[in-house]
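These notes are about the structure you will find just below.
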Amino acid sequence: MAGEKDDIIAHLEELAHLTMLDEGNPQSFRVRAYENAVHGLAAHGDEIARMSKAQLVAIDGVGKSTADKIRELLDTGKIAKLEALRAKFPPSVVELSRLPGMGPKTLARLRVELDVESIADLRRAIAGKEIRALKGFGAKTEEKLAHAIERLGLTGKDRRAPIADALPIARRIVAALSELPQAERVQYCGSLRRFRETIGDIDIVVAATEPAPIMAAFVALPVVTEVLASGPTKTSVITHDGIQIDLRVVAPESFGAAVMYFTGSKAHNIKLRQRAIDRGWTLNEYALAHADSEEVIVSDTEEAIYAALDLAWIPPPMREDTGEVERAAEGTLPALPTLDGLRGDLHVHTTLSGDGRSPIEDIVAAAHERGYRYLAITDHGEDLAINGVSRAQLSAQKQELQALSERYPAMTLLHGCELNIGPDGGLDYDLDFRLGLDWCVAAVHSHFDLDPATQTKRIIKAMHDPAVHVIGHLSGRQIGRRPGIELDIDAVLEAAAETGTAIEINSALARLDASAEVLRRAHDLGVLFLIDTDAHHVSELDRMQWGVQQAARGWVPAERVLNTWTKKKFLSWVRARRAR
DNA sequence: GCCGTTTTCGGCCCGACTGTTTTCAGTCG
């Protein structure tokens, strides 16, 4: 059953947090050990719930003690040490610990000296000006905590923004800062550059010899509502929608090291720094340098630093320490798809769909401008009540598309449809009509809350339909807004491999479906993929770049992505599917 | 608590900013 791994990880994360509070030190080695164990476990699937102690200890970062705790959880449903810590740190205290600025030391002193055990207690202490009276505390600290309570829920330590919200903000800020004459280079980094689904805060690195004007322009941006901290090299602000942005300004010669450092992930960086240490060097946000003489080896570009560490350059979406450093050392990183290497878009809507906003001739012209060699028009099937298209409308569209084919002879235009997968796996129209279409995407648009067995069955049934080429947005999720359907993902992916049905990598930032985790598993099973935009407007054809990032996060090699194939090879695959 | 081709003990990434301090502790990433 899905979720056992998540349950184990949630317990270990809680253990790490409470241990941090207990030991009063965020750098506690025990806390880091728990975090490392979580990281090691995350690379595995639910099989960890069936592992023996010896098998668990073999996992990177998991030792004897943590393995015992995992077995204890699986066998008894509890971890004694965690139960003891929960008694010591009740939920109201844990809530306090989530306030920005409330570290373990501050929390412990407030509890002991002022009996603060909850947010309500803290409010009282602040109202009574009790905190500023403590030794080592002052009015500023008291005001900061008061402010943190006000913002509770808006900017807490755990709040994460969907990438669809964070990325446009980051791009606008990068564009604004790039216009400053002092800014030589500007790059967003962090989890956004690694293309995670949700973003804790936005990290931006600027190369400039003169930081002051950059900082001044940054805090003056209209999107900024509050300045949390501002020094000569680092400024942190909050935007009006509660997203924190950290700006770092570094000397131009340090830009590569800084971008690398702030892109992370933390685990990836630690592995790189270890590699540097092994060679008698140090790696920080300024340079790769000799440890003793501090003489700089390289610092200006990421590529040069990876090369100096005997590593191939690693694409940011892969930098999660899930084996990419080892593969880069061996020179066996997968050759990922590139934006330039994509030869067609196979999931695109026109105004014929109720929700489409660009006419077919504009879409075709825009695809031609991008140099595509093939394009599939895939408006919604008739079962989608509001946006669907009748047989007569589809037939008329076919004529229109044929006329357009003559205007763009170098580009093959496929007349297709985005079919709805019904709750029982049924599809729009009838089989003969479907087979009359050149190309069929099948996707879920309704009935998101069926049980996993039914969902799995409905997807697999659609995969067996002779007309279907690809399953669109596999889970139907919208990141941060709607969870996807629950599936027995291994069964679905095995069926995809068996039937030769492609799995879509949907480039819409709100979807990015299938998820990176699913893509990686799918690849291991031999599944084929397509990177599509699901565009409803010509401007959305530009989303393809995000699908490329998502493919990288899923370690999907280019040769497995159908729309990297030449027209001849791709079209013969399209036809072969119909002949099966 | 974890780990090992210098090690089974003694290390474990490290710098920026703030607030309260006269040199540093706490927090954060």
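Keep in mind it's a predicted model, so treat the numbers as computed, not measured. Chain letters run A, B, ... following the sequence lines, proteins first, then strands; residues in each count from 1. We use all heavy atoms of the structure for the numbers below, so side chains are in, but hydrogens, waters and symmetry mates are not.
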Is [X] near enough to [N] that one of its side-chain N or O atoms lies under 4.0 angstrom from OP1 or OP2?
X: Arg32(A); N: dC13(B); value: yes
X: Ser236(A); N: dC17(B); value: no
X: Arg273(A); N: dC13(B); value: no
X: Ser28(A); N: dG1(B); value: no
X: Thr282(A); N: dC14(B); value: no

Same-atom distance ([atom1]) from [N] to [M], integer angstrom:
N: dT8(B); M: dG1(B); atom1: C1'; result: 15 Å
N: dT20(B); M: dC28(B); atom1: P; result: 16 Å
N: dT23(B); M: dC17(B); atom1: P; result: 22 Å
N: dG10(B); M: dG15(B); atom1: C1'; result: 24 Å
N: dC13(B); M: dG29(B); atom1: C1'; result: 12 Å
N: dT6(B); M: dC2(B); atom1: P; result: 24 Å
N: dT18(B); M: dC12(B); atom1: P; result: 28 Å

State which of [options] makes the closest approach to the side chain of [X].
X: Ser65(A); options: dG1(B), dG15(B), dC14(B); answer: dG1(B)
X: Pro104(A); options: dG29(B), dT27(B), dC13(B); answer: dT27(B)
X: Lys234(A); options: dC2(B), dC13(B), dA16(B); answer: dA16(B)
X: Asp203(A); options: dC13(B), dA16(B), dG29(B); answer: dG29(B)
X: Lys105(A); options: dT27(B), dC2(B), dG29(B); answer: dT27(B)
X: Thr106(A); options: dG26(B), dC2(B), dC13(B); answer: dG26(B)
X: Ile270(A); options: dC13(B), dC17(B), dG29(B); answer: dC13(B)
X: Lys69(A); options: dG1(B), dG29(B), dC17(B); answer: dG1(B)
X: Lys144(A); options: dT18(B), dC17(B), dG15(B); answer: dT18(B)
X: Lys140(A); options: dG19(B), dT27(B), dC17(B); answer: dG19(B)

Is any side-chain N of the basic residue among [X] and [Y] closer than 4.0 Å to the acidic one's carboxylate O?
X: Lys234(A); Y: Asp246(A); answer: no
X: Glu197(A); Y: Arg477(A); answer: yes
X: Arg71(A); Y: Asp68(A); answer: no
X: Lys271(A); Y: Glu326(A); answer: yes
X: Lys78(A); Y: Glu72(A); answer: no

Next on the checklist: Strictly by Watson-Crick or wobble contacts shorter than 3.5 Å, is anything paired with dT8(B), and which nucleotide is it?
Outcome noted: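 Partner of dT8(B): none.
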[N] [atom2] sits how many Å from [X] [atom1], rounded?
X: Arg248(A); N: dC17(B); atom1: CZ; atom2: C1'; result: 10 Å
X: Tyr261(A); N: dC14(B); atom1: OH; atom2: P; result: 9 Å
X: Trp281(A); N: dC14(B); atom1: CH2; atom2: P; result: 16 Å
X: Gln274(A); N: dT6(B); atom1: CD; atom2: C1'; result: 13 Å
X: Tyr286(A); N: dG15(B); atom1: OH; atom2: P; result: 8 Å
X: Phe262(A); N: dC28(B); atom1: CZ; atom2: C1'; result: 12 Å
X: Phe137(A); N: dT18(B); atom1: CZ; atom2: P; result: 18 Å
X: Arg109(A); N: dT20(B); atom1: CZ; atom2: P; result: 12 Å

Checklist entry - When you match Tyr34(A) and Leu283(A) each to their closest nucleotide on DNA chain B, which lands nearer the 5' end? => result Tyr34(A)
Checklist entry - Closest nucleotide of DNA chain B for Gly63(A) versus for Gly136(A): which of these residues is on the 5' side? => result Gly63(A)
Within the 4.0 Å heavy-atom criterion, would you say [X] contacts the bases, only the backbone, or no part of the nucleic acid?
X: Ala139(A); result: sugar-phosphate
X: Gly61(A); result: sugar-phosphate
X: Lys266(A); result: base
X: Val62(A); result: sugar-phosphate

Checklist entry - Is the glycosidic angle of dT21(B) within 90° of 0, making it syn, or outside that range, making it anti? => result anti
Checklist entry - For Leu512(A), does its backbone N or O pair with a side-chain atom of Gln550(A) as donor and acceptor, under 3.5 Å? => result yes
Checklist entry - With no hydrogens and no angle check, is any side-chain donor or acceptor of Arg553(A) less than 3.5 Å from a backbone partner on Gln549(A)? => result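 No, the answer is negative, given that no donor and acceptor are paired below the 3.5 Å cut-off.
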Next on the checklist: What I'd like to find out is whether the side chain of Arg520(A) reaches to under 4.5 Å of the side chain of Thr322(A), using heavy atoms alone.
Outcome noted: yes
Item to check | Face-to-face contact Phe29(A) to dC12(B) six-ring, under 5.5 Å, under 30° | outcome: yes
